[in-house]
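Note that this is a predicted model, so its numbers are computed, not measured. Numbered from 1 within each chain, the chains take letters A, B, ... in sequence-line order.
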2 protein chains.
Amino acid sequence: MIRIFDARQTVHAPARELHNGSWSDYAETPARADAIAASLGETSPARDFGIAPISAVHDGEYLGFLERAHAEWRAAGREGDAIGYAWPVVGRRPLKLDRIDAALGRFSFDAATPIAQGTWQGAYWSAQTALTALDDMLAQNSSRAFALCRPPGHHAGADYCGGYCYLNNAAIVAEEATARGDGPVAILDIDYHHGNGTQDIFYDRGDIFFASIHADPATDFPFYWGHADECGAGDGRGATLNLPLSRGCDLDGYRPALDTALKAIADWGARFLVVSFGADIHADDPISHFALQTGDFRALGARIGEVGLPSLIVMEGGYAVDALGANVKRFLDGIGG
Amino acid sequence: MIRIFDARQTVHAPARELHNGSWSDYAETPARADAIAASLGETSPARDFGIAPISAVHDGEYLGFLERAHAEWRAAGREGDAIGYAWPVVGRRPLKLDRIDAALGRFSFDAATPIAQGTWQGAYWSAQTALTALDDMLAQNSSRAFALCRPPGHHAGADYCGGYCYLNNAAIVAEEATARGDGPVAILDIDYHHGNGTQDIFYDRGDIFFASIHADPATDFPFYWGHADECGAGDGRGATLNLPLSRGCDLDGYRPALDTALKAIADWGARFLVVSFGADIHADDPISHFALQTGDFRALGARIGEVGLPSLIVMEGGYAVDALGANVKRFLDGIGG
């Protein structure tokens with residue numbers, strides 16, 4: 001299997017996040033990527049496909065913000081990582097905003113996703129990692145590739161960061177594969193958390209299908225997206241499928257949702273699959289609440305592999321660092337190729 | 001002049017706020033109210049007008065959230081004050097949300113307005129303080145009353161808290177005066193910060209006029225409201241007037257904006273005035289950037305008094321505690337009555 005990992009991603013390393021009323025250590029650490037990389041054996045570095053495929057899914061004003069935010073924060077005399085403290089309430093009009101604090105609120109939805117010195121560079125190379133995996137896959141006519149992306153991407157929308165995510169790697173490669181004529185593309189998101197950014201990016205579009213299996217947003221982040229009645233709008237009506245599951249879900253509870261998602265993807269006529277893969281569905285994950293075991297990841301991978309679609313696996317979350325390498329390896333072994 | 005102050009407001013005392021990337025001591029302290037009260041001489045306590053006049057401007061679901069949020073926070077095993085970490089991005093649909101963290105994001109717009117043990121009680125009595133001042137004013141056919149409200153209110157919308165504000169005292173009395181047949185009511189907001197909550201509550205209505213003189217939201221909180229082109233919508237078109245001023249503004253810079261606001265209020269045909277009065281326009285204010293001196297407050301009060309409308313002054317911000325009593329006293333001396 002094609003395996004892409006680029007160490008330039010690890011320059012992104014925020015110190016802390018606001019959670020449950022106080023600071024906690026930033027859970028989305030460079031050590032996550034190192035732990036996965038160690039389990040993979042040989043990997044190839046990313047090549048640079050430039051900003052164009054990123055701009056195809058992200059708003060230009062947002063990208064400019066993301067690239068400059070940390071420098072503007074320091075220029076304003078602040079220490080540490082850039083983090084917002086005010087957000088426009090639901091329904092406010094879009095505005096051109098100059099002050100860094102206003103922009104941070106406008107272009108994010110949480111206080112858990114600071115912009116550190118290396119954030120732009122790390123996120124950029126995370127996106128290039130996904131694009132390199134896609135390019136190799138198509139060039140080699142290969143059926144599988146794994147992009148060890150970090151920071152993850154599925155919570156990032158066209159014009160906002162959040163949930164440890166800045167650039168939406170899965171959306172970027174789904175759009176790029178579509179542009180190259182290798183669609184129709186479906187995205188299957190099996191991270192513990194709903195992939196709100198990916199959903200938002202394609203919500204009004206009928207040419208890319210999005211299915212997500214995740215913890216019920218009534219109990220879990222990102223709260224405001226991922227409810228079962230969100231099914232797309234306009235041309236995209238019916239091209240979004242949300243399958244929220246209760247906390248405590250194990251493999252037996254997970255299988256029917258996976259079967260449902262894969263059947264919907266097949267029925268829709270997908271010819272290419274992007275998997276947003278989060279290993280935070282594992283029982284030991286410190287910020288998540290499903291009960292899948294390391295051995296279960298092979299079964300999940302195998303079930304997805306059965307559908308016979310060319311599949312690009314993009315790494316999303318997973319915070320049980322000690323179990324991470326084994327969980328990812330089992331999943332990739334299961335999906336095969 | 002009628003002067004209402006109720007010590008039950010001071011049970012509201014959050015410990016800290018998120019600002020510029022780190023915690024800082026909560027600036028909106030009970031000591032503010034004590035400093036003003038000490039300058040006033042004799043005051044009367046609030047009477048209880050119940051929840052009905054509060055519900056007339058605030059959403060019922062929001063009020064339930066506000067009353068229960070701290071208890072739910074503690075029930076979730078958290079320490080300290082309830083504070084959000086995730087907010088729905090602009091344009092998300094309204095949702096019924098169960099988890100306390102989701103509700104905190106839904107019903108607020110910043111991480112600077114925690115809900116502490118005494119917040120509901122303090123905000124409730126702050127609103128009752130304003131209602132008592134109004135009731136006394138009308139019963140006594142008096143032309144002036146001062147409501148020493150704290151916490152302040154003008155950043156609180158129908159369904160959100162923020163900017164140290166929870167219940168919008170000025171909006172509550174403007175609505176109540178209107179309901180009692182003492183309108184048309186105009187609200188003049190001269191706090192350093194734009195009164196976004198008040199604006200939002202009446203934005204679509206033509207029966208209550210809102211004028212605000214404040215620091216340009218391009219540079220100052222609340223960022224997302226208070227721009228000069230915001231002038232009301234629908235039936236309220238033309239009944240909102242925003243007059244943003246640059247940092248460093250002194251009395252000479254302030255006067256023309258005040259003249260403009262008062263002329264607009266007179267032209268509109270107001271018969272009753274609510275003044276959202278923030279003393280944070282003073283040069284020494286630690287979180288604000290205008291340059292008015294203590295002696296200037298008398299001139300401001302006098303200019304507003306000249307319009308000859310029955311005027312209920314509701315206390316909003318002002319964080320230079322040492323200067324606060326003198327600034328408020330000068331203003332009340334100036335407005336007379």
Top of A:Asp98, A:Asn20, A:Ile83 for chain B proximity - count of heavy-atom pairs under 4.5 angstrom: A:Asn20
task: Between chain B and each of A:Ala102, A:Gly105, A:Ala111, count heavy-atom pairs under 4.5 Å; write down the option with the most.
output: A:Ala102
field: Flag if over 12 foreign heavy atoms under 6.0 Å of CD, B:Glu72
entry: yes
field: Interface residues of residues 214-221 of chain A facing chain B - non-hydrogen atoms under 4.5 Å apart
entry: A:Ala218, A:Thr219, A:Asp220, A:Phe221
message: Non-hydrogen contacts under 4.5 angstrom with chain B: give the residues of residues 234-243 of chain A involved, or none if there are none.
response: none
- request: Against chain A, label B:Ser22 side chain, backbone, both or neither, depending on which of its atoms sit under 4.5 Å from a heavy atom there.
  value: both
query: Checking B:Trp225 against chain A: side chain, backbone, both or neither under 4.5 Å from a heavy atom?
result: both
task: Between chain A and each of B:Arg106, B:Glu79, B:Glu230, B:Glu17, count heavy-atom pairs under 4.5 Å; write down the option with the most.
output: B:Glu230
- line: Bottom line for A:Asn196: the part with an atom under 4.5 Å from chain B's heavy atoms is neither
field: Nearest non-hydrogen partners of A:Leu97 and B:Tyr224, listed with the distance
entry: CD1-CE2, 3.5 Å
query: How about B:Phe223 and A:Leu95: do any of their side-chain heavy atoms sit closer than 4.5 Å?
result: no
- prompt: Hey, are the side chains of A:Leu18 and B:Trp23 touching, using non-hydrogen atoms and a 4.5 Å cut-off?
  reply: yes
task: Supply the atom-to-atom distance B:Phe109 CZ to A:Tyr85 OH, rounded to the nearest 0.5 angstrom.
output: 9.5 Å
- line: Rounded to the nearest 0.5 Å, the NE2 atom of B:His227 sits from the NZ atom of A:Lys96 at a distance of 11.0 Å
